[in-house]
2 protein chains.
Amino acid sequence: MADQRSTRSQPGSGGLFNPKAQQRPGTVAFRDLPGGCAACQIRELAICQALSDEEIASLEAILTQQRYAPSQTLFYEGDPAQYVFNLTAGTLRLSKLLSDGRRQITGFLRTGDFLGFARDDAYTYTAEAVTQVEVCRFAITEFEALFQHFPQLEHRLLARASNELAEAQDQMLLLGRKSPTEKLASFLLRQMSKAEKMGEPSSPVRLPMGRSDIADYLGLTIETVSRSFTKLRKDGVLELPDPNTVVVRDLQRLEDMGE
Amino acid sequence: MADQRSTRSQPGSGGLFNPKAQQRPGTVAFRDLPGGCAACQIRELAICQALSDEEIASLEAILTQQRYAPSQTLFYEGDPAQYVFNLTAGTLRLSKLLSDGRRQITGFLRTGDFLGFARDDAYTYTAEAVTQVEVCRFAITEFEALFQHFPQLEHRLLARASNELAEAQDQMLLLGRKSPTEKLASFLLRQMSKAEKMGEPSSPVRLPMGRSDIADYLGLTIETVSRSFTKLRKDGVLELPDPNTVVVRDLQRLEDMGE
DNA sequence: CGTAACGTTGAACTGTCTCAAGATCCGTGG
DNA sequence: CCACGGATCTTGAGACAGTTCAACGTTACG
């Protein structure tokens, strides 16, 4: 019934049982962007997209840049929500836990994604770095104050939220009704399309997360994920030079399985 | 893409194979609200909440009221998105289909809920009436035009979207990691809290949807849903005077099972 | 070179689904 | 008023997909 051994403690993790967790060890606030937002590479991807100079300046005035090492936590489910974030580099996972340790990952975030909105002033999920991560961090109160003057910002957030909602519904269909192989195929297709959207090649897909993260994202065990990879490989749909690199050999068949 | 037929034809259904389906048989545009929005009972629940008189007037100018009979369809997944809706009475189900007919219900909507935002101008899910339903319908173009003048409206929608997103994540946790009994318990608890929020009694909960809808919402079969109900009943947690009425006998235990 | 984390594979188990039959409720018509 | 048919729900028995438990392989790193 329960997937008890939900692993979680990882090396270098600034987790609950690390006495220094409060200090977010390894987290660094830094300023290494000469020219500021104006020179930001990912402006086009993020909420900053198509904002006026005045708006950008207002955002820039209240942001702090931060770095997180792999498996470090940005915040825990239930923490009082103080900040919102814009991911400028790396991959993040959002997850929720049941009291016995079963975990569900609700999404992987990439460069350009936005996170942090909460309900009743508490985060409803945990956010952890999968890879090395860089974010722009804003105090929620300051961020929301900008809405008054820049409705465009809120408009952009609503568009993003609608999109996330549609993705969440796709994921519900996946979790509730797809077989393990279908789940994995859908997952890989989505990773590919996201990579493509960022100008990366879509065929040798690089998966930054491990099998355990994939399992908890797809509602499976790591063994079933591994077996599904093996099945797709034996069927000639994929090649796996290493566990984190997927070469698609037969896109048509992958698509047939995914939808 | 959508497999329209998917078992689900129900008596009185205005489905695809009904020759009059294009006309939405039984759908009635009506005006039976003397006094208009000003007199609307559910203003406090809906997006209209706390809008100025001017804003309400603008909304009222572009709205059409409509009625749908049980199992009638408001729109199908993939339809070009022309309208957004505010549900003023009854219960609605949102669902997505796989090509072979497997269905996932992504949510049940109640009085006061808002629906219709789409991606790329097409609806991403199907919306059907569970009970008799009444809605206020707005043309999307006209509705969005209001954002320019009334940012408050967009603010309200963002708040709703954030909330829906949090609920969607709860549902992912449910679908991916909970056992059938836990799923049913969580479902009942949520129905109870929603009923309570609308001033209805929380203990004899009325479930407007059938077992098949519950199954497709929880990612189970109807048989497993039925067996889970039976289990909760035999354990003394519930009573079931009839299949659509749930009396909670042991709330503590229900809560323990749900989370 | 040894150890630990991660991934893969195998064998057995078990929970959920599938298939099938019976029970219940409701509207309709004899 | 009661019999009938259809839809929905419940219950049972058996099959099977995915999990659990366990061992082994691989890679990275001190």
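In what follows, every heavy atom counts, from backbone to side chain, and hydrogens, waters and symmetry copies are set aside. Nothing here was measured: the structure is a model prediction, and the numbers come from that model. In what follows, chains carry the letters A, B, and so on, assigned in the order in which the sequence lines appear, proteins first and then strands, with residues in each chain numbered from 1.
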* Can you tell me the distance, in whole Å, between the CD1 atom of B:Ile214 and the C1' atom of D:dC9? => 11 Å
* Nearest-Å distance for atom pair CZ/C1', residues B:Phe229 and D:dC9 -> 11 Å
* Between C:dT9, D:dC9, D:dG18, spot the one nearest the side chain of A:Arg233, thanks. => C:dT9
* To do: Please determine if a side-chain N or O atom of B:Thr221 lies less than 4.0 Å away from the OP1 or OP2 oxygen of C:dT16.
  => no
* Would you say the side-chain atoms of A:Ser186 and A:Lys178 include a donor-acceptor pair closer than 3.5 Å? -> yes
* Is the distance between the ring centroids of B:Tyr76 and B:Tyr125 under 6.0 Å? -> no
* Asked: What nucleic acid atoms does B:Ile222 come within less than 4.0 Å of, heavy atoms only: base, sugar-phosphate, or nothing?
  -> nothing
* To do: Please state whether the phosphate of C:dT9, meaning OP1 or OP2, lies under 4.0 angstrom from any side-chain nitrogen or oxygen of A:Thr230.
  => yes
* To do: Using atom CG of A:Leu240 as one end and atom P of D:dT26 as the other, report the distance to the nearest whole Å.
  => 15 Å
* Run the ring-centre check on A:Phe114 versus A:Phe85 and record whether the distance is less than 6.0 Å. => no
* To do: Check the distance between C:dT14's P and A:Glu223's CD and give it to me in whole angstrom.
  => 16 Å
* Please give, in whole Å, the distance from D:dA22 P to A:Arg227 CZ? -> 15 Å
* Separation of C:dT16 C1' from B:Leu184 CG (nearest whole Å) -> 15 Å
* Can you tell me how far C1' of D:dT20 sits from CZ of A:Arg102, to the nearest Å? -> 15 Å
* Asked: How many Å lie between CZ on A:Arg211 and C1' on D:dT27, as a whole number?
  -> 14 Å
* To do: Can you establish whether the number of heavy atoms outside A:Arg253 located under 6.0 Å from its atom CZ is more than 12?
  => yes
* Closest nucleotide of DNA chain C for A:Asn244 versus for A:Arg177: which of these residues is on the 5' side? -> A:Asn244
